[in-house]
Trainee: 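Mind having a look at this structure? Questions to follow.
All chains are named by letter (A, B, ...) in the order of the sequence lines, taking the proteins before the strands, and each is independently numbered beginning at 1.
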Number of protein chains: 2
Amino acid sequence: MADVGRLAGVSQVTVSRALSDPSMVSAETLRRIQEAIRVTGYVPNALAGALASNRSNLISALVPSVTNVVYSSLLHAFSKIMRERGYQLMVGETGFDPAEEEAVIATHLSRRPDAMLLTGIHHSPGSRRMLMSAAIPVVEVWDITETPIDCCVGFSHVAAAVAAANYAHGRGYERAAAVTAGDERAARRRDAFVKQFEMLRGAPVATIDFKGHASLGGGRQALATLIADHGFSGGVVFCSSDQFAQGILVEAKARGLAVPRELAVIGFGDQEFAPHTDPPLTSVRVDRDMLGSAAADALLARFAKIPLVGAVTDIGFQIMERETS
Amino acid sequence: MADVGRLAGVSQVTVSRALSDPSMVSAETLRRIQEAIRVTGYVPNALAGALASNRSNLISALVPSVTNVVYSSLLHAFSKIMRERGYQLMVGETGFDPAEEEAVIATHLSRRPDAMLLTGIHHSPGSRRMLMSAAIPVVEVWDITETPIDCCVGFSHVAAAVAAANYAHGRGYERAAAVTAGDERAARRRDAFVKQFEMLRGAPVATIDFKGHASLGGGRQALATLIADHGFSGGVVFCSSDQFAQGILVEAKARGLAVPRELAVIGFGDQEFAPHTDPPLTSVRVDRDMLGSAAADALLARFAKIPLVGAVTDIGFQIMERETS
DNA sequence: ATGAAAGCGCTAACAC
DNA sequence: GTGTTAGCGCTTTCAT
């Protein structure tokens, strides 16, 4: 920066001003500085800038897994808005594990992010403590709670599952099953679905739980197990993810089961492929783009010191009724 | 850090040493420092450390899109190894656009990453210039070239497509089509496939190109178009992605076409669901975990100043022959 | 509109 | 094994 200044015949501070707010220097000086930057190939050092200004323009975003499209699409929407505002993203994976999350939070905080996005509302006491003393805006996404660390953007998983159960009941299905991946929020949906459906029908709901993430293969296997071990037939299967639902559809087709007459399916997430399966998949839609942009807006409001009207934003959900149920 | 030192009865540098290399301070001092850290809730400032040491422990990773599992799984494998070695990832999305990539590279370089991972081997002259003068290790992934910026890890897209064409020819298919997403590497595979198949069979290959990313819906639509507009029947469809292939399978089933007898399909990427479609999908497998770890190893070797035996690592590919072809 | 000086919180180099 | 000193490359504050 000093070199650039020398070449432009001004001091180093003037270059700094030209870069941070061009209106602070005269037009002629600005021109000479820009020329000098071009000639020298100068690249600003954001590390030094952050240290001096105590603002890093970095946002830390922690998700369970980047390979799961429900989280990566959130990241995509969130980062788009943040980048437009001059913020860069540091991404961390927590693997659905609060202890792992705590470790990732610690390393990320050492980079002095200006804010942090966290997935879910359950965090270890250590995590909460670190975040509180870091005193930066924090947004928790994908779920809502009355007691967020700072603010949260999401929807009620219980409400979504109850709505699905009511819907299934309304369509007249007398039997139900739930297929669930190893994810705390999915488990809460399963529990709420089971409770509600059993209340409405008085019939027990069969459940299949997987340890890991949802997959097409898992869905196929789940249906096979449901039929073989639970004697399941003629009911509706509530899945924790569209991946499972798609697998169930494939397995049903392979077995010659008519969907939805002999077997109905409800997915979760309304992924891109959902309208294009055969038959088109009924699924619970959560607007992930809106989730990402609402999370960004919440943080931006914090930066602008705009008092949040409410710390919790419920973006809701919607049952996309298609032809599998 | 000075506060911690005061509490522990040592100077600030000693705290720095205790943190960077515990063996440099006496056991008793170390104990007192750790206690002081616990009491004060001290969180190191990695920004200041990076500025002083000229090492940020940050790696910048640029991919076209984080929502595409082929890139996010690479990121996952890459970041796992890097994190174990104490490096953190800054992720950037370039959207398949060299100009966008150049802008992202510029902002990322201002954070002074210790190394950079880039997707593909085609970069703007401006990008190359910035990277050269940054003088950091750079690894280009997903493709190989004799003239990498620094080093590259990938496979030959031409060789993969030629192998697919040879395979299709060997299976006796007399007609072929190619369905391709808007991605430069996919287009190169399409061209190589078309050229090779036409050479072997003398029959023209029908092509369907999409502007955006691959999707199940796109695959269904592609098959419909192939049948309606190209009078395509009884051949093999080479897809640039398993997503397309899956869509073709769904559409074929909906139309009552027997796979592979009346219609054969070859996917690309061998995604998780490929072995579980009905029938199981033949696909070109690229080991994305290996890609990520080989890229990490290449960078790590650079850091250790180990002279690379070769700057280019070809991880190859494999045709996973299943039942759709 | 521009400059001089101080300092952000660390690490590196050199003492002892 | 520990302390002292001097920066890293910026932004901030105060002058002019």
Trainee: Does B:T40 reach the main-chain N or O of B:A36 with its side chain, forming a donor-acceptor pair under 3.5 Å?
Mentor: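 Yes, B:T40 side chain to B:A36 backbone: donor-acceptor pair under 3.5 Å.
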Trainee: What is the separation between atom CG on A:L47 and atom P on D:dC8, rounded to the nearest whole Å?
Mentor: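 Taking CG of A:L47 and P of D:dC8, I get 15 Å after rounding.
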Trainee: Grab the CG-P distance between B:D114 and C:dT11 for me, whole Å please.
Mentor: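 Taking atom P of C:dT11 as the reference, CG of B:D114 is at 14 Å.
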Trainee: From CD of A:E28 over to C1' of C:dT2, roughly how many Å is that when rounded to an integer?
Mentor: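 My rounded result for the distance is 14 Å.
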Trainee: For A:S127, is there any backbone N or O sitting under 3.5 Å from a side-chain donor or acceptor partner on A:S124?
Mentor: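 Flag set: sc A:S124 to bb A:S127 pair under 3.5 Å.
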Trainee: Whole angstrom is fine here: how far is it from CD in B:Q12 over to P in C:dA12?
Mentor: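 Value for this atom pair: 12 Å.
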Trainee: Choose from C:dA1, C:dC10, C:dG7 the nucleotide whose nearest atom is closest to any side-chain atom of B:N45.
Mentor: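 Given the options C:dA1, C:dC10, C:dG7, the side chain of B:N45 is closest to C:dC10.
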Trainee: Quick one: are the ring centres of A:F78 and A:Y71 less than 6.0 Å apart?
Mentor: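 No, ring centres 6.0 Å or more apart.
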Trainee: 5'-most contact on DNA chain C: A:V13 or A:S23, nearest heavy atom basis?
Mentor: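 Nearest nucleotide further toward 5': that of A:S23.
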Trainee: Write down the distance between CG (A:N54) and C1' (C:dG9), rounded to a whole number of angstrom.
Mentor: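 So the two atoms are 11 Å apart, to the nearest Å.
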Trainee: Of all the choices, C:dA4, D:dT4, D:dT11, which nucleotide is nearest to the side chain of A:R17 once you look at every atom?
Mentor: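 The closest nucleotide is C:dA4.
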Trainee: Can you tell whether the side chains of B:R31 and B:E28 come within less than 4.0 Å, N to carboxylate O?
Mentor: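 Looking at B:R31 and B:E28, the cut-off is met.
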Trainee: Please give, in whole Å, the distance from C:dG9 C1' to A:R111 CZ?
Mentor: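 Spelled out: CZ on A:R111 to C1' on C:dG9 is 14 Å.
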Trainee: Report yes if a side-chain nitrogen or oxygen of A:T29 is closer than 4.0 Å to either non-bridging phosphate oxygen (OP1 or OP2) of C:dA1; otherwise report no.
Mentor: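 Looking at the OP1 and OP2 atoms of C:dA1, neither is under 4.0 Å from any side-chain N or O of A:T29.
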Trainee: Determine whether a donor-acceptor pair (N or O, by modelled atom type, separation under 3.5 Å) exists between the side chain of A:E140 and the backbone of A:I149.
Mentor: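 Pair found, side chain donor or acceptor close to backbone of A:I149.
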Trainee: From the options C:dC10, C:dG3, D:dG9, select the nucleotide whose nearest atom is closest to the side chain of A:V10.
Mentor: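 Output: C:dG3.
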Trainee: Just N and O in the side chain of B:S26: are any of them under 4.0 Å from OP1 or OP2 of D:dT2?
Mentor: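 Affirmative; the distance criterion is met.
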Trainee: Using only side-chain N and O atoms of A:S11, determine if any of them is under 4.0 Å from OP1 or OP2 of C:dG3.
Mentor: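 Indeed, a polar side-chain atom of A:S11 lies that close.
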Trainee: Within this structure, what is the CG-to-P distance between B:N57 and C:dC10, rounded to whole angstrom?
Mentor: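 From B:N57 CG to C:dC10 P: 15 Å.
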Trainee: Hey, does the side chain of B:S53 come within less than 4.0 Å of C:dA12's phosphate (OP1/OP2), counting only N and O?
Mentor: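 For B:S53, the contact criterion (side-chain N or O under 4.0 Å from OP1 or OP2 of C:dA12) is not met.
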Trainee: Where the side chain of A:A52 is concerned, which of C:dT11, C:dG9, C:dC8 is the nearest nucleotide?
Mentor: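 Comparing C:dT11, C:dG9, C:dC8 against the side chain of A:A52, the answer is C:dC8.
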Trainee: NA contact type, B:R55, heavy-atom cut-off 4.0 Å: base, sugar-phosphate, or nothing?
Mentor: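 Answer is nothing: B:R55 stays at 4.0 Å or more from every strand.
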Trainee: Treating B:H157 as the side-chain partner and B:A187 as the backbone partner, does any N or O pair qualify as donor plus acceptor under 3.5 Å?
Mentor: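 The answer is no, because no donor-acceptor pair under 3.5 Å joins these two groups.
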Trainee: Measure the distance from OH on A:Y42 to C1' on D:dC10 and round it to the nearest whole Å.
Mentor: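 Taking OH of A:Y42 and C1' of D:dC10, I get 7 Å after rounding.
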Trainee: Counting the atoms with a prime plus P, OP1 and OP2 as sugar-phosphate, which does B:S20 contact under 4.0 Å by heavy atoms, base, sugar-phosphate, or nothing?
Mentor: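 The answer is nothing, as B:S20 stays clear of every strand by at least 4.0 Å.
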Trainee: Determine the contact category for B:V25: base if any of its heavy atoms lies under 4.0 Å from a base atom, sugar-phosphate if only primed atoms, P, OP1 or OP2 are that close, otherwise nothing.
Mentor: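 Touches sugar-phosphate only.
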Trainee: So which nucleotide from C:dC10, D:dG9, D:dT2 ends up closest to the side chain of B:L51?
Mentor: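 Ranking C:dC10, D:dG9, D:dT2 by closest atom to the B:L51 side chain puts D:dG9 first.
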